[in-house]
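In what follows, a single structure is set out as structure tokens and then discussed.
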2 protein chains.
Amino acid sequence: MDKNLKRMATMHRMQVTGLELFYKNGYYNTSVDDILKELSLSKGAFYHHYDSKEDFFIEIIQNLLVRKVYSMLIEPIEGHENPVELISTCFEEALETAVHNEMDFGFLLSNFICEFNGRNPKIMKYLNDILKIWEVNLVSTLQKGKFNGYIDRHVDCEAAAIYLISSFIGIRTLMVEASPSAMKYRFMSQLRQYFKSIETRQTAV
Amino acid sequence: MDKNLKRMATMHRMQVTGLELFYKNGYYNTSVDDILKELSLSKGAFYHHYDSKEDFFIEIIQNLLVRKVYSMLIEPIEGHENPVELISTCFEEALETAVHNEMDFGFLLSNFICEFNGRNPKIMKYLNDILKIWEVNLVSTLQKGKFNGYIDRHVDCEAAAIYLISSFIGIRTLMVEASPSAMKYRFMSQLRQYFKSIETRQTAV
DNA sequence: GCTTTTACCGACCACTCGGTTTGTTGCTTT
DNA sequence: AAAGCAACAAACCGAGTGGTCGGTAAAAGC
């Protein structure tokens, strides 16, 4: 058991550093040696724990990437309050951490999707699954909001979810440029504008 | 002169094939040899015309990529008609060609931005310039629309432009998945919803 | 105390990459 | 016809790549 702990600790260290470098430099632009150098570990250690670089990356997806998306984008929108508020706040906070992160290279998930798209179907499968989970959660949050009278009954929740995901992926791609906080501010203002248009119209003005 | 024509023809062929492969496989994942093999040309030919792979890519950006963005996203929104209509139609058509392109790997520009982001500032500069041109054109189209009474005077045109670009980049990243035409349909429906919210409110209902 | 298992080392392999060097060909110019 | 040069061809270089493999030290199991 104690032995297993050490094993898991080493593997976890590798994955954390791996994700960091893959995010920073891209998967194909990061060599296994790069990761190992950072950790002062050897090739032997790496291939003792993982079958291949690809296998290693898949473990990173399942262990780290999925959790990040969950804690950042899925858990915050769970609940029975106003979904418009939940999603706005969630996006606002996700963008805020991006603004304050001086090492920001865009949205982890969409960066990898860009990189593997049409090049590695196996990995794309895993990435698309995460996207799907996010989408499903958004849809159900919106539908709940419809049921609870927050969202207009004519709204197509699946379309709205796609639209929200699109805009988020896009703004995160744009935000890596200069003045990310201005970007965020502008984006959020228009997101709220859009939300206003799908909210239940108040009878009293 | 005749000589110069041949030179330019060869260079153009290289650039067209280069862009094709860079788009398909990514810049770092496409070797110079890959491009040359496709054209049955040699390394000597390549380095006779270009200083480096990077220099080659910059020429592609300036010759081909800029023009594609212009003809696809900038020229179609020029004019004095309703900007909401212009932009809707422009996006619709851009997405439609993506739907019918069986070799679609997402939005050329944003794919490259993803790939070079934080890794190659020199190339990023060129890509951001294109993005900036697009943004400026969107802003001026929206402002013209405001002046002509199509768009509500309270709308922040720069914010709206960022929001539009974001959503476009995002949907093009998502569309590489299955069922792009459903994606497009859903996206366009919500884009129109958003547009409705920034249009001048009609006094008569 | 002895054996087995585990975690890890580091040299090495075949291969790929961007880029260089040296040749070759054919058209132009004088 | 000789010389010159642009446009390519082909062999090559050195750095880096993912992955292999024989070995080792230490802990676990008996």
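In the text below, chain A, chain B and the rest are named by the order of the sequence lines, each starting its count at 1.
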Can you see which heavy atom on Leu19(A) is nearest to which on Leu108(A), and at what distance? CD1-CD2, 3.8 Å

Answer with yes or no whether the side chains of Tyr28(A) and Glu115(B) bring together a donor and an acceptor at under 3.5 Å. no

Check this one for me: any side-chain N or O of [X] less than 4.0 Å away from OP1 or OP2 of [N]?
{"X": "Thr10(B)", "N": "dA7(D)", "value": "no"}
{"X": "Tyr47(A)", "N": "dT20(D)", "value": "no"}
{"X": "Arg7(B)", "N": "dA7(D)", "value": "yes"}
{"X": "His48(B)", "N": "dC8(D)", "value": "no"}

Side chain to side chain donor-acceptor pair (under 3.5 Å) between Tyr150(B) and Glu85(B), worked out: CA-CA 10 Å; Tyr150(B) 291 112; Glu85(B) 270 312 308; over 6 Å; no

Is the charged tip of Lys53(A) near the ring of Tyr27(A): under 6.0 Å from the six-membered ring centre and within 45° of its axis? yes

Can you sort out the partners of [X] under salt bridge (Lys or Arg N to Asp or Glu O under 4.0 Å), two or more places apart, ordered by chain and number?
{"X": "Glu135(B)", "value": "Lys132(B)"}
{"X": "Lys43(B)", "value": "Asp33(B)"}
{"X": "Asp34(B)", "value": "none"}
{"X": "Lys184(A)", "value": "Glu92(A), Glu96(A)"}

Donor-acceptor pair, side chain of Ser110(A) and main chain of Ile169(A), under 3.5 angstrom: no

Quick one: does Tyr194(A)'s side chain have a donor or acceptor within less than 3.5 Å of a partner on Leu191(B)'s backbone? no

Give the ring-plane orientation class for Phe187(A) versus Tyr163(B), where under 30° counts as parallel, over 60° as perpendicular and anything between as tilted. tilted

Distance, rounded to the nearest Å, where [X] contributes [atom1] and [N] contributes [atom2]:
{"X": "Met8(A)", "N": "dA7(C)", "atom1": "CE", "atom2": "C1'", "result": "16 Å"}
{"X": "Met11(B)", "N": "dC8(D)", "atom1": "CE", "atom2": "P", "result": "11 Å"}
{"X": "His49(B)", "N": "dA7(D)", "atom1": "NE2", "atom2": "C1'", "result": "6 Å"}
{"X": "Tyr50(A)", "N": "dG18(D)", "atom1": "OH", "atom2": "P", "result": "16 Å"}
{"X": "Lys37(A)", "N": "dT17(D)", "atom1": "NZ", "atom2": "C1'", "result": "12 Å"}
{"X": "Leu36(B)", "N": "dA11(D)", "atom1": "CG", "atom2": "C1'", "result": "15 Å"}
{"X": "His12(A)", "N": "dA7(C)", "atom1": "NE2", "atom2": "C1'", "result": "19 Å"}
{"X": "Ile35(B)", "N": "dT16(C)", "atom1": "CD1", "atom2": "P", "result": "17 Å"}

How bent is the helix from dG1(C)-dC30(D) to dT30(C)-dA1(D), measuring the angle between the end axes built from five pairs each, rounded to 10°? 0°

Consider side chain to side chain contact (heavy atoms under 4.5 Å, CB included). Of Leu41(A), Ile35(A), Leu36(A), which one does Thr17(A) pass it with? Ile35(A)

Contact list for residues 62-97 of chain B, test ring pair (Phe, Tyr, Trp, His ring centres under 6.0 Å), sequence neighbours left out: Phe91(B)-Phe168(B)

Residues that Ser140(B) engages under side-chain contact (heavy atoms from CB on, under 4.5 Å), provided they are two or more places apart: none

Kindly state each residue pair satisfying salt bridge (Lys or Arg N to Asp or Glu O under 4.0 Å) with at least one member in residues 68-82 of chain B, sequence neighbours excluded. none

Crowding at OH, Tyr47(A) (>12 non-hydrogen neighbours, <6.0 Å): yes

Validation row: Asp152(A), Glu199(A) side chains within 4.5 angstrom (heavy atoms): no

Sub-4.0 Å heavy-atom contacts from residues 18-32 of chain B onto DNA chain D, ordered by number: none

Could you list by number each residue of residues 52-64 of chain A showing a heavy-atom separation from DNA chain D of less than 4.0 Å, or answer none if no residue does? Ser52(A), Lys53(A)

Pairwise N/O distances under 3.5 Å, protein to nucleotides 10-15 of chain C:
unit_1, atom_1, unit_2, atom_2, d
dG10(C), O6, Gly44(A), N, 2.9

Give, ordered by number, those residues of residues 118-127 of chain A having at least one heavy-atom distance below 4.0 Å to an atom of DNA chain C; if nothing qualifies, reply none. none

